[in-house]
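These notes concern the structure reproduced below.
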Amino acid sequence: QVQLVESGGGLVQPGGSLRLSCAASGRIFSGTAIFWYRQAPGKQREYVAELQSGGSTNYLDSVKGRFTISGDNVKNTVYLQMNSLKPEDTAVYYCAAMMDRLYWGQGTQVTVSS
């Protein structure tokens with residue numbers, strides 16, 4: 001059993017920053033790839049970023065240079081630092097862990113609005 005709990009969402013003005021956290025527990029192993037996805041109202045869930053076991057990262061083109069994914073193996077937590085936020089970043093953000101299948105957290109709401 002794998003549990004993922006996201007936190008750190010909220011309301012922020014355009015140009016602001018937020019840091020999301022994804023705390024993992026249960027049968028999750030060191031080196032598990034962790035992903036961030038988001039889903040805006042009326043839209044499909046989309047890939048945002050990933051952190052692979054070797055430390056490599058990848059990002060959705062529209063967030064490159066603004067978002068940074070990182071991990072803390074001691075805390076079993078993955079972070080998504082989001083800077084220069086735009087209204088179009090508004091969505092529920094989910095983290096996911098790829099093991100025998102993709103495990104999902106419950107999501108955290110990010111709203112970018114003035």
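This structure is a prediction, so every number in the text was calculated from the model and none was measured. Sequence positions, counted from 1, serve as the residue numbers for this chain.
- With sequence neighbours left out, the side chain to side chain contact (heavy atoms under 4.5 Å, CB included) criterion links L11 to T111, S113.
- A heavy-atom distance below 4.5 Å is found between the side chains of D89 and R66.
- Heavy-atom minimum distance, L4 versus A24: CD2-CB, 3.7 Å.
- Between E46 and Q44, the side chains place no donor N or O within less than 3.5 Å of an acceptor N or O (distance only, hydrogens not considered).
- The CZ atom of F35 sits 12.0 Å away from atom SG of C22, with the distance rounded to the nearest 0.5 Å.
- Summarising the geometry of T77 relative to S21, their closest heavy-atom pair is CG2-CB, 4.1 Å, with the distance given to 0.1 Å.
- Taken to the nearest 0.5 Å, the CG atom of L20 stands 13.0 Å off from the OH atom of Y94.
- For the residue pair A49 and L80, the shortest heavy atom distance occurs at CB-CD1, 4.2 Å.
- Between the side chain of T90 and the backbone N or O of V112, at least one donor-acceptor pair lies under 3.5 Å.
- Taken from CE in M82 to OG1 in T68, the straight-line distance is 11.0 Å, to the nearest 0.5 Å.
- A donor-acceptor pair under 3.5 Å is absent between the side-chain atoms of S56 and the main chain of G54, judged by distance alone.
- Interatomic distance, N76 CG to I34 CD1, rounded to the nearest 0.5 Å: 8.5 Å.
- Relative to the six-membered ring of Y37, R45 misses at least one condition, a distance below 6.0 Å or an angle of at most 45° to the axis.
- Within a 6.0 Å sphere centred on CD of E88, heavy atoms belonging to other residues, nucleotides or ligands number more than 12.
- Partners of Y103 under the side-chain hydrogen bond (donor to acceptor under 3.5 Å, both in side chains) rule, at least two apart in sequence or in another chain, are D100.
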What do the steps show when you test N83 against S17 for side chain to side chain donor-acceptor pair (under 3.5 Å), and what is the final call? CA-CA 4 Å; N83 299 327; S17 298; 2.9 Å; yes
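- C95 SG to Q106 CD: the interatomic distance, rounded to the nearest 0.5 Å, is 7.5 Å.
- Taken together through direct or relayed side-chain contacts under 4.5 Å among Ile, Leu, Val, Met, Phe, Trp and Tyr, Y47 and M98 form part of one hydrophobic cluster.
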F67 and W36: CA distance, side-chain angles, deciding distance, ring-ring contact (aromatic ring centres under 6.0 Å, His included) verdict: CA-CA 11 Å; F67 290 12; W36 283 97; 9.8 Å; no
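- Heavy-atom minimum distance, A91 versus A40: CB-N, 3.8 Å.
- No side-chain heavy atom of Y79 sits less than 4.5 Å from a side-chain heavy atom of I69.
- Looking at every heavy atom in both residues, S62 comes nearest to R38 through OG-NH2, 3.8 Å.
- How far CD of Q109 is from CD of E6: 12.0 Å, rounded to the nearest 0.5 Å.
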Stepwise, does the side chain to side chain donor-acceptor pair (under 3.5 Å) test hold for Q13 with S114? CA-CA 5 Å; Q13 292 186 343; S114 55; over 6 Å; no
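- Salt bridge D61/K64: present, at least one basic N to carboxylate O contact under 4.0 Å.
- Two residues are said to be in side-chain contact when any heavy atoms from C-beta on lie closer than 4.5 Å; V92 and T108 fail this criterion.
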